[in-house]
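Here's the structure, in structure tokens; my notes come after.
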Amino acid sequence: MSEPKTDIATYAPQAVEAKWQRQWEEWRTNALDLADAERPYYNLMMFPYPSAEGLHVGNVFAFLGVDIHGRFRRLQGWDVFEPIGFDAFGIHSENYALQVNAHPGKLIPSNIARFREQLKRIGLMLNWDHELSTTDPAYYKWTQWVFLQLYRAGLAEKKRAPVNWCPECKTVLANEQVIDGYCERHRGVRVHQKFLEQWFFRITEYAERLLANLDWIDWSESTRSMQRNWIGRSEGAELVFETPTGHRIRVYTTRPDTVFGATYMVLAPEHPLVERLTTHEQLAVVREYRRAAVAKDIVSRKVGSREKTGVFTGSYARNPATGESIPVWVADYVLMEYGTGAIMAVPAHDERDFEFAKTFDLAVRQVVSLSAPGQTELPFTSWDGVLVNSGQFDGMPCAEAVGAITDWLAERDLASRQTQYRLHDWCISRQRYWGPPIPIIHCDACGTVPVPEADLPVLLPEVDDFRPDESGTSPLARHEDWYRVACPTCGATARRETDVSDTFLDSGWYFLRYPSSDVNDRPFDPALTAKWLPVDSYIGGNEHAVLHLLYARFLTMALHDLGHFEFEEPFLRFRAHGTIVKDGAKMSKSRGNVVIPDEYIAQWGADTFRLYLMFLGPYQEGGDFRDEGIVGVRRFLDKIWGLVTAAGHEPDGSESPEARRKLHQTIRKVTTDLEELRYNTAIAAMMEYVNVLRGMVSEEDGAEPRVPIGLLDPLVVLLAPIAPHFAEECWQRLGNTKSVFTADWPSYDEALAQEEEVELVVQVNGKVRGRLRVAAGIDEAAAVDKALEDAAVQRAVGDKPVRRTVFVQDRLVNLVV
RNA sequence: GCCCGGGUGGCGAAAUGGGCAGACGCAAGGGACUUAAAAUCCCUUGGGGCUUAGUCCCCGUGCGGGUUCGAAUCCCGCCCCGGGCACCA
């Protein structure tokens, strides 16, 4: 009756995984006909930058969460498109090439080859038929096309502007790439202010829509919040302070209600009116202050000492509310790039103004009186107060006075309501080599001429001399044979734009290209795009919340407005995954705590590693990588292996009601957990189920426990998204001939999942005093009667009368005495 | 300072339309099997208490209050950790 134990093969992950990866390729299990798919589901992961080091555990963790979601959706009957590509342009690749003294174009292919191998080894359900690389001319031709669309729409402009210059990268950085005044790539290198002609995308035109749509797109709250902060909308008013010489100084304020307390004004050193407003006597000192301020790099200006410095211009302006003349100062605590570059100073109700006023002995006038007693020491910025010293507005609450005073000043054309954003235009010029050349030609006669679309791509020339320099121009500017070109309009000798574009332009639209990756005559096929986009699910790291994710939304909106497709938001659902850390610290090469996935996969197999990473903690929170726990998930697989290899000898349908109930509860739990990316608890539920199955079957003389196939088939399907090779092998051993991914996701029956008997908790005055096993559905009266029979309950109740009972169906009864 | 997360056993963590705190797993301790070890299997495992060792009692989810029959969960006031923003007017 019992099979000899020698029949049971040992689960050997390496052999099993190799077998199924071959089988999948042979069957083309992961391929998909995009045009014919009936239930399209676009499952996107953030495409990697193919570094020389290969995939690290963080990448693997991120991709696994996406892959499990995709496999789950596939088993639910969707036609899942899970593409992959490589974000191979950019400073990172170029710097590495310079460091090892090689050409990036030579290094990238082998890096990509290594990534491909690793990605396949993990067992991702990737669609390799649509692989792309941003460095492929067949791709960046369309990156340049995107630039031209924005140029034609007036959303790309070249302007001379102060930009963030990293002396180490020897190129400019977008604001988003500057962290605390330092280069995001060179944390110890201060970013300088430099004035250069640069190409900008006018993302600020879209600030309001980018902000408004955050209210309805289904994204992780953390990501939406970061975008809101970055866009930084604030509402207020622009007020005008006139000078006796007829100048109108415009200021932006969020507190027009405090205008009666404005006792002086401050202009940013770069403000265009500074020279004109400065009196003859003050000219020398103002010029000197200005020169020093502008020369300061951004760091010492923004994050350096907050001590207030400034100089008086010698001029006065009229407070529009009081009519008083107030002095006009120049100080570097006012920034040119925000608002109008000038402020009204209300020292009583602004800490910075207060500090400045104390330093230079300027007047302080309180105009708000707090409603709450106490804490009335100046300065305070509370909105909970009423106006004082404010003429006819005395006694009015601040919030109300904002509108009232703005309207009152507007009557004399001295105010208007205004909304400000912190967001700046996106500087896309890079004075580097390894990127797509910006498709523009400069002609002395015709000016700025876009490269005709028929001439795309503008190929990046293969040059050996691509080291960046301090000149503020790209290395391409040293290659005259490349940049000399005939003007497309007049034919005269002209000059190509020698800057390349930011990597974030490459990655800002790649998801639009995937379905059309083999279409040659256009960037994206209209039918395929309509069918597959917007993306159904996007999962990635929050480090891209204000870079990639904001730019991708902007580009999608702009292309939508140009009529290229119907949708304006690219990613309907976005989930930010957590970070994997090691010993509490982010993994980094310099810390030496980087975990290489390959070693673990070689030792444990991909499925065990997949399971382990997902069991580590909540997917959306991440966790600490400690390899002690990995043996636990391996034991779990071994237990299933034992059940599967011994199964099939018992008549089907002989499962007990208890086992069947647990099965349906498990299906329910795993289904809802996977839906919400709660992989850790889904795995725990399957472990519980396996424990129940094993407990059910008594062991005879060391024989493997046996359970009917009907209890194992569904388990194998539930497990398939997380441990696909293992599931395939089990599926086959249970007698199936096709891939487990052709199976249907098991459905559960709510009635079968229902417990017949429940444990009712009995409380007395809210404290647990006993537990009752009762039939499900028991009513309150019966439950109370039964509870009062319990000895511990009687002891707790004593001789006190039961004043009240609280009853929660099938859960609890509470006696209040 | 502002905006998001988060704080639960030795460890990773479960449990929030308020209802058994600690599922699942690791580690640890004890036992079985074994010549032995590994593997495997079984038991114990938040802290404390007991004259009745139990279907027992008390305490316990960062801290202090509150609401409630009942709070990890809700409210008020704080502290700490992670991330984002920041002389942004």
State the syn/anti category of G9(B) according to its glycosidic angle, syn meaning within 90° of 0.
syn
Same-atom distance ([atom1]) from [N] to [M], integer angstrom:
N	M	atom1	answer
G1(B)	U16(B)	C1'	31 Å
A72(B)	C63(B)	P	12 Å
G30(B)	G64(B)	C1'	43 Å
C79(B)	A27(B)	C1'	31 Å
G17(B)	G6(B)	P	15 Å
C20(B)	G70(B)	P	15 Å
A14(B)	A53(B)	P	39 Å
A15(B)	A21(B)	C1'	7 Å

Protein-nucleotide distance ([X], atom [atom1]; [N], atom [atom2]), rounded to Å:
X	N	atom1	atom2	result
Ile343(A)	C88(B)	CD1	P	10 Å
Tyr338(A)	C88(B)	OH	C1'	5 Å
Arg811(A)	A71(B)	CZ	P	16 Å
Trp230(A)	G84(B)	CH2	P	11 Å
Glu543(A)	G82(B)	CD	C1'	15 Å
Tyr333(A)	C87(B)	OH	C1'	9 Å
Gln620(A)	A13(B)	CD	P	15 Å
Asp215(A)	C4(B)	CG	P	14 Å

Mapping Leu616(A) and Lys669(A) onto RNA chain B by nearest heavy atom, which one lands closer to the 5' end?
Leu616(A)
Asn542(A) vs Ser222(A), nearer the 5' end of RNA chain B by closest nucleotide:
Ser222(A)
Any ion pair linking Arg626(A) and Glu628(A) (charged N to carboxylate O, less than 4.0 Å)?
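Yes, this pair counts.
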Glu221(A) with Arg228(A): basic N within carboxylate O range, under 4.0 Å
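A salt bridge links Glu221(A) with Arg228(A).
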Residue pair Tyr289(A) / Thr309(A), side-chain donor-acceptor N/O under 3.5 Å:
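Result is yes, a qualifying pair exists.
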Does [X] make a side-chain N or O approach to OP1 or OP2 of [N] shorter than 4.0 Å?
X	N	result
Lys767(A)	C59(B)	yes
Arg803(A)	C69(B)	no
Arg694(A)	C41(B)	yes
Tyr252(A)	A89(B)	no
Arg769(A)	C57(B)	yes
Arg804(A)	C69(B)	yes

Under 4.0 Å, counting only non-hydrogen atoms across every strand here, what does [X] touch: a base, just sugar-phosphate, or nothing?
X	value
Leu812(A)	base
Val761(A)	base
Glu759(A)	base

For Glu658(A), enumerate each residue passing the side chain to side chain contact (heavy atoms under 4.5 Å, CB included) test, keeping only those at least two apart in sequence or located in another chain.
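Applying side chain to side chain contact (heavy atoms under 4.5 Å, CB included) to Glu658(A) gives Ser656(A), Arg661(A).
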Measuring from the side chain of [X] (C-beta onward, heavy atoms only), which nucleotide among [options] has the closest atom?
X	options	answer
Val808(A)	G19(B), C87(B), G84(B)	G19(B)
Asn229(A)	G19(B), A89(B), G84(B)	G84(B)
Pro618(A)	C85(B), A89(B), A14(B)	A14(B)
Glu221(A)	C87(B), C4(B), C85(B)	C4(B)
Lys308(A)	C69(B), C4(B), C87(B)	C87(B)

At under 4.0 Å between heavy atoms, which parts of nucleotides 21-28 of chain B does protein reach? Answer with one letter per nucleotide, 5' to 3': B base, S sugar-phosphate only, - none.
S-BBSSS-
Assigned partner base of [N], Watson-Crick or wobble definition, under 3.5 Å:
N	result
A36(B)	none
A28(B)	U44(B)
C2(B)	G84(B)
G60(B)	none
A53(B)	none

Indicate yes or no for a side-chain donor-acceptor contact from Thr204(A) to the backbone of Asp425(A) under 3.5 Å, with no hydrogens or angles considered.
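A pair under 3.5 Å: no.
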Let's go through Lys358(A) and Glu355(A) carefully: what are the C-alpha distance in whole Å and the side-chain angles of both, what is the deciding distance for side-chain contact (heavy atoms from CB on, under 4.5 Å) to 0.1 Å, and is it a yes or a no?
CA-CA 5 Å; Lys358(A) 285 288 151 202; Glu355(A) 207 183 307; 5.9 Å; no
Aromatic ring proximity, centroids under 6.0 angstrom, Tyr612(A) and Phe636(A)
no
With ring centroids as reference points, do Tyr333(A) and Phe356(A) lie under 6.0 angstrom apart?
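Distance test on ring centres: under 6.0 Å, yes.
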Quick one: sort the His548(A) and His544(A) rings into parallel, tilted or perpendicular, breaks at 30° and 60°.
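Geometry flag for His544(A) against His548(A): perpendicular rings.
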Look at the aromatic rings of His577(A) and Phe61(A) and report parallel, tilted or perpendicular, splitting at 30° and 60°.
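Perpendicular, since the angle between the ring planes exceeds 60°.
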Using 0.5 Å steps for rounding, measure from the CD1 atom of Ile778(A) to the NZ atom of Lys786(A).
6.5 Å
